[in-house]
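Here's the structure we're looking at; comments come further down.
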Amino acid sequence: ETPDDQLVVGFNMNNVLTLDPAAITGADAVQILNNVYDTIVRLDPQTRELIPSVAESWEISEDNRSITFHIDPDATFASGNPVTAEDVAYSLRRPIQLNLAQSTWLVSRGYTADNIEEMTEVVDNKTLRLHLPQPDDPRLVMMTLTINGPGSILDKTLVEEHAEDDMGTAWLTNNSAGSGAFTLNQWRANEFVILTRNEDYWGDAPEMARVLMRHLPESQSQRLALEQGDLDIGYSLAAADLRALEENEDIIVETVPSAGFYYLAVSMKNEILADKKVREALRYLIDYDGINDAIMPYFGTKRQVPINSYAFAAAEDPGYELDVERAKELLAEAGYPDGFDTTLRVISTQQFIDSATAIQATLKQAGINAEIITGDGGQIYGAMRSREFDLLVGRGGGGVSPHPDSNLRAVVYNPDNSDDAGLTNYQGWRTSFYDEELNGMIEDALVEGDVETQRQMYSDIQNYMQDAVISIQPFSERVVTAAFQSDVDGVIVDVWSSRFEDVTKDR
Amino acid sequence: MEPILSVKNLGVRYGGSAEWAVRGVSFDLGRERLGIVGESGSGKSTVGRAILRLLPGAEVTADRMRFEELDLLDIPERRMLKVRGARMSMILQDPKFSLNPIERCGDQIAEAYRTHVRATKRKARAKTLEMLEAVQIREPERVYDLYPHEVSGGMGQRVMIAMMLMTDPDLVIADEPTSALDVTVRLEVLRILDGLVRERGIGLVMISHDLNLVRNFCDRVLIMYAGQVVEVLDARDLDQATHPYTQGLIAAQPRIGGDRGPLPVLQRRDSWVEGAA
Amino acid sequence: MVTLPLGTARRRSLPHGLVSLGRIAAFLFRAPPSAFGLVVLALLILMAAFAPLLATHDPYVQDLQSTLQPPSGAHFFGTDELGRDIYSRIVHGSRITLTIIFVVSIVVGPIGLFIGTVAGYYGGRVDTVLMRLTDIFLSFPSLILSLAFVAALGPSLNNAIIAISLTAWPPIARLARAETMTFRSADYIAAARLQGASSARIIWKSIVPMCLPSVLIRLTLNMATVILTAAGLGFLGLGAQPPLPEWGAMIATGRRYMIDSWWLVTFPGVAILLVSLAFNLLGDGLRDALDPKQINKR
Amino acid sequence: MRRRVIPDIAGQAGAILVTLAGLLILTFVIGRIMPTDPVRAIVGEDATREVYENVYRQLGLDRPVWQQFFFYVRDVLTFDFGTSIRTGQPVLQDIARVLPATVELATFAIVIGAGLGIPLGVAAAVNKDRWPDHVIRIASLMGHSMPIFWTGMIALLIFYAGLGWVGGSGRMSQFYIGLVPERTNFLLIDSALAGQWDVFRSAVNHIILPASLLGYSSSAYITRMTRSFMLDQLNQEYVTTARVKGLSRNKTIWRHAFGNIKVQLVTIVALAYGSLLEGAVLIETVFAWPGFGQYLTSNLLIGDMNAVMTCVLVVGLIFIGLNLISDILYRVFDPRTR
Amino acid sequence: MKPVSVKNLSITLGAAQILPDVSFDVAAGECFGLVGESGSGKSTVLRCASMLWSIWDGEVRIGDQSVRDMDVMERCRTLQMVFQDPYGSLHPRQSVRTVLSEPLAIHGLDNRQDRMKAALSDVGLPSEFLDRFPHQMSGGQRQRVAIARALILEPDVLFLDEPTSALDVSVQAEILNLLARLRQEKGFTYIMVSHDLAVVDHMCERFAVMQSGRIVEVLDRDDIVANRAKEPYARELIGASLAYEQVV
Ligand SMILES: Nc1ncnc2c1ncn2[C@@H]1O[C@H](COP(=O)(O)OP(=O)(O)OP(=O)(O)O)[C@@H](O)[C@H]1O
Ligand SMILES: Nc1ncnc2c1ncn2[C@@H]1O[C@H](COP(=O)(O)OP(=O)(O)OP(=O)(O)O)[C@@H](O)[C@H]1O
Ligand SMILES: [Mg+2]
Ligand SMILES: [Mg+2]
Ligand code: NI
């Protein structure tokens, strides 16, 4: 039994290398920071609508080129300093000026080290006007700012106190300067994070005095600990254990959709695979139902379109099925009646390998011999980044913001297909997929001011992609699952929006 | 004369070996010095060790093996502990190996004493120093504190003798006590041993393969061949030995000032083994 | 005249040739533990040789319909999370284990023997240099060094074998050197030199045969460690990569289902234990049979 | 008598320096040829090229290799081992934190291992080829042959999940984490110092299982070595001498024979202690023990060069140190080498 | 037949000067003895003179050539050595055939079979022994094989390092007889180390008494019985041996 006013959480913090909001990568760090830093606006975990946070309200200008945020007069940092427009501006500038990992978000919205000062206009102490450097969808920009990292609001005064010439990066690695419900007490890489209640929190005080987020990468360890009552919530449980926990009356298992897809990526550099017919054949060589039923429970649900189902204007699945005969026909049309030999890369994580192996088996039925090459993330995605692969089973594709553009940019958009461009953050570039028309459609849809027109445009894009048979072929939409003690309430399962401030124990 | 040790028809077979290493050995020992000679592997040491019951795992049989009032064949090991080192002891061949390398010489001697006599450390030390003097060590105080590797071979052997005579045993078995030593010190050590044995009236079994040595230091000689006793002689009568083996051994030895022609070579015969059986 | 101390005069001569092989085998069979070791190893070799015949299933073929089946008549040791037959995977895994052992011995034995005998025979500076090198490698626990090497080379079965070989030769070299040092001053070496034999010839003809038995024993004992190290690397995901049926890797993946499906980790674990135990027992028995003193030293 | 020790140690120090230099090169090579890309680990999958290159430069990876080596050696010589990518802390500080966890485990284990192994080894030697010998040998060979990660998992299943006798993963029950003031980083000591006896109890509860397993496996080695040392000694003539003196079996064994293997045993125990580090890598993974082994492996996997190189260096140093200590012990305690 | 002369031989190993300065001459065809207590450096003299150790100073000449200047092959055919311990001087894993054919192979001599048989018969062993291994032979037989190995290269000088001290008296007699016979037949020059004066007296014309690396005195064999040594140490040594033997 854990104490009543303490929450003990098990998760995998392998990817947490720093707690500086500008430098973090991945969802696990975001999950920690969500409790420590407020963002200017938030997404409602249920409806995925934009809701107020540090900004009590905002206005979008007529021309869609600026957003004015009104900061909540009550908002204070844990240090006691009030949250000012100056703090917010500082926080938005910081990642870009430091050129750290999280700047990617803002860079993709057109902000640069040169324009960022000017784009973040401090109107008065409590008013900040954010200009958009390029024609854009302001909602998408705001969605980006809901993410801890690019959107985290830092206590400028406090950070500057501890800064050397690094805008406080060294200090922030281990310390927090936020206005969230908790403060960072201690972080031990790959061991634990301890959050303590921010006693002066400007919102509703959380019930938990202390949150211990324990690095328990082993699913079975989390399960054992949950069963023994040593753990309140487990965030990184494997399918088998979730299945077992579902049997347990004292444990609740909850699954919610999350950002991204599991996909089969095809390199257009490979002559054979550059053939649209071949790619289409591949679409028929994935056992969508088999994989999603046997391998994907708790990891993904069937999805064949590279736009997250909860996103604005997301289309229905086109209904591909495993159809070896059809695939064989297509292959024959393309000139490969007997199939061909190729490679299939995959990181050595269970559901990936399992999916890859399943795909390998179905490919085989159409005569395609795919040799599986496994490796860690660095090796597999590394090969993808250097555009040296044939087939690859991976996960990704944006979607953290519930906006189709988020997915499309990650998956198909590719403004420059040359090797030198090094646009490694675009899957389109990685797979050497280049379609000028599609690029244009994506750009146009984004800046369309009228919501209904915009919806139609995104629908067209999805049809277009299906016809073009793009290089990223999703077979499953990512879902995340957590298990928690039944007497714990208020758990948010999606790590991107998970916060512990509303968690209570009902004992 | 009441014998101290009486052995009849002793046989020893080592574990795992089909052959008897020693067969049918019989002898009585009074307060005298008995030599056992024979070539390497003839079973001399085995006899000595069998008497002290130091052969675990070996099969030892005998019609009789008595030491004073004790029947060595069936007293329990517990009582044997009181006999060994107290009333009978054994001097081993090479002081380099038979002293514990990490303990001081003196302490090792004293330990022998304190094992059998209730004595304070100080008393044991005094007694040890006395004994070291008795074996003609010039600076007993210094030698007491030396480690075995710090003493010379001759000195080590004297330490060994002191250790074994510490408790005034009635029977001492000396298993080639000097063969690891240089000629120059050999004699000296032998004299000390001889003197002490004589002085204290101890029964001594001297194991050696050197006929000359035995001739000079023993009263009687037992000649062994292939695990058996082929002849028993008074030391004085060694030259009149009748057994061809004994004769051969004597003749094969080159002598200082002897003639330098080819040495007579021993011709072994199978019949020696049967003959003695 | 003076004789040698007892021991030297009856020094046990070491056996040679086929006759002695037979004798060694007979000796080993007399002691039940080493007999057990021999039998297990014989079985392992048979298993590897006839793996396709013995296996009831293809070790790679998945059957997503029957995943995580407990042991039964159809699947002797049950199936894994992808419905692969564990028994068949273990049978095929024996090939990997044997490959590792074989390759490592082939690499490590000669290297260790060469470095050890050369260092021991020449002594002096050659010895210092070679032994410093050995010390550097020895100053790591083998698993950690292999870990570092595998990490450096990238995880795969081949790299695991290379890494293990890189870490496994120093004890052999040390042993060979120690043995050589004891033989170096032996009179038969002196005699060979007096006859004009070159150093290479002496090392090859006189010293190597003397070191061979203890090196072989040590290799045998080492094999147990090698198996455990390989399995450990596999377990950490740095050794053989899926879907290879390497036993350590099987445990690593099976571990995710351990609570409900005990057979996933139990059988590969038992297989590792048995083989490693067999090598240990065999090495122990061999040591008793040949009894070279140095073998225990690092 | 001490006089000879000093030049020998000086000679040893020279040898150690050479070994150290080798270690440095080896660790550097290992660190540099790692295919894992630390920059990618830092910037994440979706980073732009600018960000990537920015970090690449920050890590000094753009400099030529010889320069990197030069800087590495210079830094090491000034005890600057850099900061870990994973923790953002100076590596030395990290190691000072994780090493005690492992040392605590290893010490607990070696106490069990030596306490079990030495008497058993002696017992086996004394009863050579009789049933106690066989039983002990088999038991110790089992310990030597078991894959410790596997045994650890099974033991965890049985004793924690099944029987609930011991604590599960980690050094203490989860919710005690962070509640003990960190003075020495040895949890047992810290909690005792702070008088937090429930934490102490929880810590004992958690350490007992992994330590027993490690202890068992190292006792296997210790038993075997003790047995063979003891057999060597029991065949020595001085043991016969002791028996001739009339010493009882126990005294002969413990005072004389055992006395002579003490120094060797210290070496063996030291070695076993060192190789517990090795066992720790695996057992810490199984028991989620936040120690040195975990630190090393998790940093290895992301290519955290500073951390890996330092860890490897530290392990090397520990081993060199242990060897040196046992060497010195030999010289000090064995009268023959004085 | 070649004379041997040792001049100012000195060697230092580590900190210890093992031989400070040793000189003596051995006439062609002579048997020269070296006696002294254990560790006095007797074997060292032989090891240096035979170039088993090469870091010494001074000069050793065989015939009219310095051993240092001889080429290896020639040296091997000039001098050979027989060692003390017949158990240690034969490679435990080599058959007699291997032992004897090795030198022939190294020196590229032909007629191996005949040479080996001849060598064996010289030492009084039947040729069936060619296929035996050391552990299948008695100490005396092994020593014979060791002597045969030394003979097979037909050297002029034989160094004998306590060739019989590991053997029983009865076997010793056989080996001594063999050595005496070979010297007569083949005209070897012997340098023989022993610490048994009786053996020296039996075999050697002259001998040197050594103490801590020095030659104390060189004596004639007939000086033993009467103990005519002048140096105190030599007197003591001879005296002790005499006393020990109790020669009447
Ligand atoms: N521990 C043992 N195990 C088996 N056989 C042994 C053992 N000790 C001695 N023997 C054998 O017993 C026989 C007699 O040995 P013993 O040591 O008594 O001879 P010895 O006359 O003392 O010889 P030496 O003069 O060489 O000391 C020999 O054949 C020997 O091989
Ligand atoms: N390899 C070596 N290194 C250093 N010292 C040595 C070496 N070999 C021998 N010595 C020393 O040289 C001295 C002479 O040794 P040597 O073997 O020549 O004596 P020896 O007269 O032949 O003795 P023994 O009668 O015991 O054979 C001894 O003090 C010995 O310790
Ligand atoms: Mg004897
Ligand atoms: Mg000598
Ligand atoms: Ni080991």
Side-chain angles (χ1 to χ4, degrees), chain B residues 15-16 45 48-49 51-57 77-105 107-117 145-150 156 159-160 163-164 166-167 169 172-173 175 180, chain D residues 1-5 122-134 226 229-267 326 328-338:
Chain B
S45 305
R49 283 167 193 247
I51 292 168
L52 273 137
R53 299 235 327 229
L54 289 175
L55 296 171
E77 176 66 20
R78 195 168 31 81
R79 284 197 46 207
M80 201 59 208
L81 286 180
K82 297 228 162 55
V83 176
R84 230 186 265 133
R87 292 168 57 191
M88 58 160 97
S89 58
M90 178 153 149
I91 296 163
L92 299 171
Q93 176 178 11
D94 196 335
K96 263 214 300 285
F97 298 106
S98 24
L99 292 174
N100 185 344
I102 58 160
E103 280 197 54
R104 298 176 195 278
C105 292
D107 290 339
Q108 296 191 44
I109 304 177
E111 185 188 31
Y113 185 67
R114 292 189 65 201
T115 307
H116 299 288
V117 183
D145 285 328
L146 293 182
Y147 285 98
H149 71 280
E150 294 167 327
V159 168
M160 190 76 195
M163 180 160 45
M164 291 312 170
M166 202 60 189
T167 51
V172 169
I173 298 169
D175 190 353
Chain D
M1 283 192 212
R2 281 288 175 84
R3 248 174 291 128
R4 270 206 55 220
V5 179
V122 172
V126 171
N127 294 299
K128 182 173 185 315
D129 289 334
R130 285 198 295 269
W131 67 264
D133 183 29
H134 294 310
T226 310
F229 289 155
M230 202 65 190
L231 281 180
D232 268 4
Q233 296 301 323
L234 289 176
N235 285 330
Q236 299 285 321
E237 280 287 287
Y238 73 81
V239 172
T240 314
T241 308
R243 294 191 58 209
V244 168
K245 279 198 251 182
L247 287 189
S248 65
R249 215 168 96 113
N250 270 335
K251 269 198 182 155
T252 312
I253 291 165
W254 290 106
R255 272 204 54 183
H256 286 267
F258 189 73
N260 271 283
I261 65 168
K262 262 193 245 160
V263 187
Q264 286 166 296
L265 279 187
V266 170
T267 314
S326 54
I328 292 176
L329 281 179
Y330 252 110
R331 277 161 221 266
V332 173
F333 286 118
D334 190 332
R336 280 163 296 187
T337 55
R338 272 180 214 161

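Naming convention: chains lettered A, B, ... in sequence-line order (proteins, then strands); numbering from 1 in each chain. Reckoned from all heavy atoms, side chains included, excluding hydrogens, waters and symmetry mates. No experiment lies behind these values; they were computed from the predicted model shown.
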Exercise. Hey, does B/M160 have a side-chain heavy atom less than 4.5 Å from the side chain of B/S98?
Worked result: yes
Problem set entry | Option that, when pairs with chain B are counted at under 4.5 Å, heavy atom only, ranks first among D/V263, D/V239, D/T240 | D/T240
Seminar exercise, completed: Looking only at D/H256, D/Q236, D/R249, most heavy-atom pairs under 4.5 Å shared with chain B are made by D/H256
For this session: Could you pull out all residues at least two apart from B/E111 that satisfy salt bridge (charged side-chain N to carboxylate O under 4.0 Å, His left out)?
Result: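 Here the qualifying residues are D/K245, D/R255.
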Problem set entry | D/Y238-B/Q108 side chain donor-acceptor pair, cut-off 3.5 Å |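 Side chains of D/Y238 and B/Q108: no pair found under 3.5 Å.
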For this session: Tell me, for B/L99 versus chain D, whether the close heavy atoms (under 4.5 Å) come from the side chain, the backbone, both or neither.
Result: backbone
Exercise. What part of B/R78 lies closer than 4.5 angstrom to a heavy atom of chain D: side chain, backbone, both or neither?
Worked result: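 Interface part for B/R78: neither.
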Exercise. Using a cut-off of under 4.5 Å for heavy-atom pairs, which of B/K82, B/H116, B/M88 has the most such pairs with chain D?
Worked result: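 Result: the option with the highest number of such pairs is B/H116.
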Exercise. Under a 4.5 Å heavy-atom cutoff, which of B/M90, B/E77, B/M166 has the most pairs with chain D?
Worked result: B/M90
For this session: Quick one: do B/M164 and D/T241 satisfy side chain to side chain contact (heavy atoms under 4.5 Å, CB included)? Show the steps, please.
Result: CA-CA 9 Å; B/M164 291 312 170; D/T241 308; 3.7 Å; yes
Problem set entry | All ring-ring contact (aromatic ring centres under 6.0 Å, His included) counterparts of D/F258, not counting sequence neighbours |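 D/F258 satisfies ring-ring contact (aromatic ring centres under 6.0 Å, His included) with D/W254 once adjacent residues are dropped.
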